[in-house]
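Right, one structure below, let's go through it.
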Amino acid sequence: MAFTLAACAEMLWRDRPIDWRCARLDEMGFEVGLWNWADHDIAALAKSRATFSIMNGYLDGRLADDDGADTLLASAREAALVGKRLGVQRLNLHGTGLGDGGRPKQAETATPLKWVKALDTLNRICDLAEELEVVFTLENLNLPTDHAGVPFARAEDTLALVSAINRSELRLNLDLYHAQIGEGNLIELCQACLPWVGEIQVADVPGRFEPGTGEINYPGIARALNAMGYTGPVAMEAFASGLEEDALAAFKAAFSV
């Protein structure tokens with residue numbers, strides 16, 4: 001299969017320096033995902049010579065109110081400039097800024113007026129992306145387990161927003177771990193999202209470990225994605241249930257059937 005495989009460096013070898021993790025993933029043939037770039041030495045990351053698939057495209061801000069949108073745009077600009085230093089391919093966004101443990105800095109309900117504001121904010125994000133020649137993604141999250149109170153969290157919400165914007169500067173980061181907890185029906189979800197997908201992220205349920213440790217039939221999903229003609233990046237955003245090398249081998253095997 002022609003998928004480009006990546007893995008989140010933040011979740012693997014957590015006792016090692018981040019630049020070591022990036023270099024190790026590159027050595028093993030994987031592209032690299034990052035979370036909060038502000039916690040890291042960007043020069044050291046650049047020296048790892050890794051190919052960076054995705055990183056957080058902001059540090060603060062919100063989609064659905066004026067102050068939050070202005071903060072988000074400023075933060076996204078800063079992130080994009082850092083991303084360009086690393087050659088990052090996609091800059092990731094959420095419905096609102098996330099704090100400790102992935103909880104929203106400001107929990108809220110997505111009212112009709114906030115949907116209108118979110119669309120306006122995302123169009124402004126696309127204008128920024130066009131100016132800087134970068135691509136942003138909007139990631140779905142799950143509410144029951146990890147991200148209670150985040151607006152626009154469900155995959156049906158992120159799909160509605162990105163498809164309504166319908167600009168090449170904004171794609172979906174379709175996270176199947178989150179979608180399984182919140183919505184299920186993953187193969188049909190992939191089919192519905194396919195025209196707007198920039199990256200697919202995976203982990204198994206429960207536990208958020210590598211494919212093969214839980215209830216999701218990832219080899220079946222891989223075959224379905226292949227049949228749909230998807231050839232883009234698939235990233236393991238998961239903890240290792242044992243040795244990281246074994247987890248990455250299991251991930252690669254699941255998406256090589």
Side-chain angles (χ1 to χ4, degrees), residues 1-8 11 25-26 28-34 50-55 57 87-94 122 126 129 134-142 153-205 208-238 247-257:
M1 292 185 183
F3 308 125
T4 299
L5 299 184
C8 178
M11 302 177 77
L25 285 170
D26 180 66
M28 294 179 69
F30 295 95
E31 294 188 356
V32 177
L34 294 173
T51 299
F52 292 95
S53 177
I54 199 166
M55 78 174 197
V88 174
Q89 298 168 42
R90 284 162 291 278
L91 300 155
N92 197 47
L93 305 172
H94 308 103
L122 289 171
C126 289
V134 298
V135 174
F136 286 88
T137 58
L138 185 61
E139 182 183 9
N140 62 295
L141 302 172
N142 78 77
R154 290 169 59 86
E156 65 178 3
D157 297 336
T158 56
L159 173 59
L161 288 168
V162 173
S163 62
I165 297 293
N166 200 27
R167 294 176 61 177
S168 60
E169 296 85 7
L170 180 67
R171 301 284 88 183
L172 288 166
N173 177 10
L174 180 59
D175 190 307
L176 298 183
Y177 160 80
H178 291 310
Q180 174 69 3
I181 292 172
E183 294 155 90
N185 202 21
L186 298 184
I187 290 175
E188 289 192 4
L189 176 63
C190 289
Q191 182 71 67
C193 292
L194 190 66
W196 296 279
V197 170
E199 180 161 316
I200 291 174
Q201 293 188 339
V202 304
D204 223 328
V205 177
R208 204 172 187 179
F209 297 115
E210 73 272 10
T213 57
E215 67 194 25
I216 302 177
N217 177 12
Y218 274 118
I221 290 172
R223 288 190 292 270
L225 287 170
N226 188 59
M228 294 174 203
Y230 180 72
T231 58
V234 178
M236 187 180 85
E237 192 178 57
L248 289 162
F251 165 51
K252 185 175 182 179
F255 283 88
S256 301
V257 295

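What you see below is based on every heavy atom in this structure, not just the backbone, and it leaves out hydrogens, waters and symmetry mates.
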With sequence neighbours excluded, residues passing ring pair (Phe, Tyr, Trp, His ring centres under 6.0 Å) with F136: none

Can you tell me how far apart CZ (F255) and CG (L5) are? Round to the nearest 0.5 Å. 8.0 Å

Check whether any side-chain N or O of R171 sits under 3.5 Å from a backbone N or O of P195 as a donor-acceptor pair, and report yes or no. yes

Sequence-distant partners of S163, side chain to side chain contact (heavy atoms under 4.5 Å, CB included), two or more places apart: L159, W196

Do D204 side-chain atoms and T213 backbone N/O form a donor-acceptor pair below 3.5 Å? yes

Is there any salt bridge (Lys or Arg N to Asp or Glu O under 4.0 Å) pair reaching into residues 247-257, and which pairs are they, with sequence neighbours excluded? none

Any V134 side-chain heavy atom under 4.5 Å of V88 side chain: no

List in chain and number order the residues that pass side chain to side chain contact (heavy atoms under 4.5 Å, CB included) with T51, two or more places apart in sequence or in another chain; answer none if no residue qualifies. E31, Q89

How long is the span from the CG atom in L91 to the CE atom in M55, to the nearest 0.5 Å? 5.5 Å

Checking E237 now: which residues fulfil salt bridge (Lys or Arg N to Asp or Glu O under 4.0 Å) with it, not counting sequence neighbours? R208

For the residue pair G182 and N142, what are the closest heavy atoms and their distance? N-CB, 4.4 Å

Can you name the closest pair of heavy atoms from Y218 and P211 and give their distance? CD1-CB, 3.6 Å

Applying side chain to side chain donor-acceptor pair (under 3.5 Å) to Y177 and not counting sequence neighbours gives D146

Rounded distance (nearest 0.5 Å) linking atom CG of L25 with atom CE of M236: 8.0 Å

So, for L170 and C126, which heavy atoms are closest and what is the spacing to 0.1 Å? CB-SG, 3.5 Å

Under the rule for salt bridge (Lys or Arg N to Asp or Glu O under 4.0 Å), what residues qualify as partners of E169, not counting sequence neighbours? R167

Separation of H178 NE2 from L176 CG (nearest 0.5 Å): 10.5 Å

Mind checking side chain to side chain contact (heavy atoms under 4.5 Å, CB included) for Y230 and listing every partner two or more places apart, or none if nothing turns up? F3, L194, V197, I200, L225, P233, V234

What's the separation between atom CD1 in I54 and atom CG in N173, rounded to the nearest 0.5 Å? 4.0 Å

Sorted by chain and number, sequence neighbours left out, side chain to side chain contact (heavy atoms under 4.5 Å, CB included) with A153 holds for L141, L143, V150

E156: what forms a side chain to side chain donor-acceptor pair (under 3.5 Å) with it, not counting sequence neighbours? R154

Do you know which two heavy atoms are closest between I187 and G220, and how far apart they sit? CD1-O, 4.2 Å

With a sphere of 6.0 Å drawn around CD of E188, does it hold more than 12 non-hydrogen atoms of other residues, nucleotides or ligands? no

Under 3.5 Å, is there a donor-acceptor pair between the side chain of N140 and the main chain of D175? yes

Taking all non-hydrogen atoms of both residues, which atom of A7 and which atom of L248 are closest, and how far apart? CB-CD2, 3.7 Å

Is any side-chain heavy atom of E139 closer than 4.5 Å to a side-chain heavy atom of T158? no

Any idea which heavy atoms bring A179 and L186 closest together, and the distance? CB-CD2, 3.7 Å

R90: partners by side chain to side chain donor-acceptor pair (under 3.5 Å), with sequence neighbours left out: S53, E199

Sub-4.5 Å side-chain heavy-atom contact between L189 and L174: yes

My understanding is that only residues two or more places apart in sequence, or in another chain, count here; which of them pass side chain to side chain donor-acceptor pair (under 3.5 Å) with N217? none

State the OG1-CG distance between T137 and N92, to the nearest 0.5 angstrom. 3.5 Å

